[in-house]
Amino acid sequence: MRAALGGLVFSSAICLAGPYEEADAAFAKGDFPAAVQGYETALAGGDRSAGLYENLASAQMKAGQRPQAALSLQRAILLNPRGIDARIALSDLDRSLGVAPGSAGWRGVVAERVPLLPLVIVGGGVMWLGAYLFLVGGIRNQPKFWPMAGAAVCLLGGGALAAMGFLSDPRWVLRDAAVVLPDEGLKLLSAPADQSETIVSLPGGAIVQVLRRSGDWIYVRSLDGKRGWASTPSLEAVVPSS
Amino acid sequence: MAALLLTLLGLTHGVSQQVDATLSQDFTSVGQPVQLNVAVVGARGAQVPQSLQVDGLDARFAGKSEQMEMQFGTGGYRRTVTANYTYLIVPLREGNFTLPAIPVEVDGKVLKTKPLTLRVSPGRGGAIPVLPAIPTQQGMQGNPSSPQNPSRGSSQPEPAEGKSVFGELLVPKTTAYAGEVVPVEIRFYFDARYRVRLQDRPGFSGNGFTVLDLSKPIERSQEINGITYNVVSFQTAITPAKSGPLEIPGATLESQIEPPASQRRGDDFFGGLFGQMRETRPVTITTDAAELEVKPLPREGRPESFGGAIGQFSLAATATPEKAASGDPVSLKVVVAGRGNFDAMSAPELIDTDGWRTYPPGEEFVPSPSDPIGFNGENRYEYMLLAREDQTATPVAEFSFFDPAVEKYVTLKTAPMSIVAQGSAALAAPPVAVASAAPSSSPSPSDAEALPEESALVKNFVPSSFVPFLMKKWVWAANGTLAVFWSLILLVALGRKWARSPRAREAAALRETRRLLKTMDDPGIESDRFFQLAEEFVRQRLLGPGRADSGLEPRTQLDRLSLPPEIRLAVEGILDRHDAARYSTATVSLDADDRQKILNHLKTFDLELQK
């Protein structure tokens with residue numbers, strides 16, 4: 001099993017060899033803008049992985065693009081929710097940017113501590129096993145209580161585990177999230193007009209939830225629950241569009 | 001309606017009576033008073049001893065407060081009364097003391113608290129404070145001693161003769177260290193004949209020290225110089241910011257009092273705190289100031305790991321999981337518990353961290369439930385550790401503090417905990433460069449290098465997708481396939497169950513019976529056979545499936561049915577012709593018209609039975 005996994009990683013590494021190596025070389029030389037460009041090229045080519053986003057974040061940090069680095073780290077966490085390096089780096093970066101720490105909630109805790117893919121597979125398998133046992137037990141002439149109860153527990157417990165895995169998936173949780181990109185931050189306005197009243201100022205790197213779009217304006221909600229309008233170019237979705 | 005309302009609002013007194021005793025702190029020094037609280041739940045008017053006889057301790061009753069909670073439950077409103085009886089205990093010598101179980105008489109029953117232990121370290125000399133006055137009130141056992149004026153060190157005020165309101169500021173010590181948290185109590189005395197309403201919380205601040213938030217007011221009664229006073233006390237703590245003499249200004253309280261002449265009958269002091277009053281006059285009460293000599297922390301003996309903690313603390317740690325795979329973090333939870341300046345202390349240091357990557361810990365302060373001001377409690381730190389090499393034990397947490405009771409620095413260490421953590425080759429390199437590239441204001445991993453190296457970059461890439469599990473095709477395909485199979489099995493099972501049901505059997509038998517008509521429709525069939533089938537059809541339709549051979553006579557059954565006469569005659573005629581064909585030696589003639597007529601009669605008969 002371990003050998004198979006090692007082989008998978010190795011072959012993946014071979015598959016992804018190419019554009020990122022130039023970026024690595026640029027990073028080593030201290031040419032961080034070139035490194036950023038190289039990693040972005042590799043990612044645009046479809047080679048998406050948490051590691052590449054972490055490297056991109058490192059290069060962006062060195063290039064002074066700290067809100068962009070926060071976005072890259074968010075994406076790295078999306079792809080590998082248990083990546084502790086990315087989480088710690090993002091926590092440190094958020095603190096330096098002045099981004100208030102948000103509550104992870106139960107879904108964040110699950111995503112951080114439990115491998116979600118096995119959780120979904122095991123939960124779904126147990127759920128379907130329970131469903132079949134329940135069916136087989138139910139079509140008997142005289143169903144017995146304990147086998148039926150066991151099947152029901154499998155069905156409900158497995159379903160709950162699978163649902164927990166599905167709902168804790170950060171790619172699902174943050175499907176409508178966006179990150180503030182300008183270094184100077186972003187003002188949430190009470191109306192989609194430049195002259196309207198400022199509700200709250202968000203620092204660069206802050207994360208918001210997109211509620212709806214209207215032309216060049218987006219209606220968003222900040223982590224502390226404040227709602228307001230922001231201009232579209234100031235925000236970039238955490239989940240890339242393609 | 002009134003009865004219903006009374007039922008809904010019915011007060012339930014079914015709370016079992018319980019007593020419990022707690023110490024405000026279980027470690028002190030000679031002359032430093034501690035508070036013993038005896039909580040009686042579910043009863044009022046309990047009898048408690050006026051003093052506790054423990055050699056080496058001066059323990060006296062100091063006051064009582066009551067609290068009532070109302071909760072709506074399944075049986076209506078539930079009222080819980082909790083009475084707190086407070087003792088002040090001044091250690092007269094060092095040693096370990098056991099406070100005996102305290103007998104509490106409640107409604108004729110005697111309940112006992114659990115024994116408690118108090119550790120007393122040597123004091124720093126100086127006068128042992130004198131306990132404040134012993135209140136006389138209902139619920140006291142024995143004869144109260146002569147009332148004394150509250151007095152403790154230089155900060156104790158003497159109420160003027162006949163004074164109706166006054167306050168006092170109780171500072172339990174005359175010397176302290178810079179940064180040490182010193183508990184303070186502010187008391188306001190009101191002549192019990194006056195009704196009082198407090199305007200606000202007391203004002204209490206000054207230069208050279210910080211003040212913790214005031215506790216909720218505690219109310220009790222106390223007799224001084226023959227006058228019964230209602231006492232409202234607030235607890236807080238101050239922290240001197242620098243060494244040198246410190247003057248602590250008095251606390252000020254704004255209140256309104258109503259002279260006895262204008263009070264209505266039946267009013268009481270506590271009702272006056274919240275109720276309406278007549279002919280009130282505003283009163284501002286200011287306590288006396290106090291002085292404190294603040295000393296700097298000694299330089300000698302200061303450990304390197306000292307991070308500003310002053311007080312009395314203990315240290316404990318746990319690590320989870322016990323087995324960690326390569327790359328999995330180990331959580332080391334370290335708890336600093338005790339009393340002191342929790343808000344100013346730094347986290348314990350980790351030592352013996354070779355082969356580990358460590359990160360700055362998360363921190364959470366949990367105050368003790370019995371402490372109203374956050375002076376007692378515990379700081380919980382959680383360190384995330386990643387094994388670079390295979391490890392069998394966690395690092396050790398080291399925590400140093402200055403104990404003002406013994407005037408020494410104390411260093412505590414946790415024992416290394418046995419775990420099995422597999423090292424990760426990838427972690428042998430420095431962590432992602434972001435941490436070290438962050439500004440200096442943000443913490444960075446303790447072993448992070450100053451600048452990112454190319455080797456710090458991630459080299460192994462596992463292709464991933466931004467598509468959530470809920471939107472993945474394989475998830476829908478797998479679950480859809482399983483759901484289709486499940487549905488098919490369900491349909492088959494239901495079909496089989498239906499096939500075995502009586503109705504299904506009846507329907508099948510009816511189909512079989514009607515098939516006889518189709519057989520009879522064949523023009524090549526012999527007349528004998530034709531009438532035999534006709535009789536069988538009538539028999540099965542009349543007697544039902546499976547009962548054709550039951551011995552019942554079809555004609556008898558035919559008589560019981562309310563069929564139209566022409567149909568009955570036709571069927572009887574068919575049965576007669578069957579009998580004739582069966583028993584007659586002559587051949588029964590049957591032409592095509594006859595056949596068709598008989599078939600039509602049988603079909604009409606079938607339809608009639610179906611109605």
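So you know, we letter chains A, B, ... as the sequences are listed, proteins then strands, and number each from 1.
- Proximity to chain B (any heavy atom under 4.5 Å) is shown, for A:Arg75, by both the backbone and the side chain.
- The backbone N or O of A:Ile77 lies less than 3.5 Å from no partner atom in the side chain of A:Glu54, so there is not a single donor-acceptor pair.
- Looking only at heavy-atom pairs under 4.5 Å with chain A, the residue among B:Ala483, B:Pro329, B:Ala478 that has the most is B:Ala483.
- Within the 4.5 angstrom heavy-atom criterion, atoms from both the backbone and the side chain of A:Trp172 approach chain B.
- Salt-bridge annotation for B:Arg380 and B:Glu382: absent, with no side-chain N of the basic residue lying under 4.0 Å from a carboxylate O of the acidic one.
- In terms of heavy-atom pairs under 4.5 angstrom with chain B, the leader among A:Ile139, A:Val238, A:Leu167 is A:Ile139.
- Heavy atoms closer than 4.5 Å to chain B are found in the side chain of A:Ile84, but not in its backbone.
- There is no side-chain donor-acceptor pair under 3.5 Å between B:Glu349 and B:Ser305.
- Only the backbone of B:Val467 comes within less than 4.5 Å of a heavy atom in chain A; its side chain stays farther off.
- Residue A:Lys29 qualifies as open at atom NZ: its count of foreign heavy atoms under 6.0 Å is 12 or below.
- For the residue pair B:Ser465/A:Arg48, the side-chain donor-acceptor check at 3.5 Å is not satisfied.
- Aromatic rings from A:Tyr53 and B:Phe466 are positioned such that their centres are separated by under 6.0 Å.
- Remark: A:Arg171 qualifies as a cation-pi partner of B:Phe469 under the 6.0 Å distance and 45° angle criteria applied to the six-membered ring.
- Residue contact with chain B, scored on non-hydrogen atoms closer than 4.5 Å, is absent for A:Phe134.
- Contacts of A:Leu117 with chain B are made by both backbone and side-chain atoms, with heavy-atom separations under 4.5 Å.
- Both the backbone and the side chain of A:Leu79 come within contact range of chain B, with heavy atoms under 4.5 Å apart.
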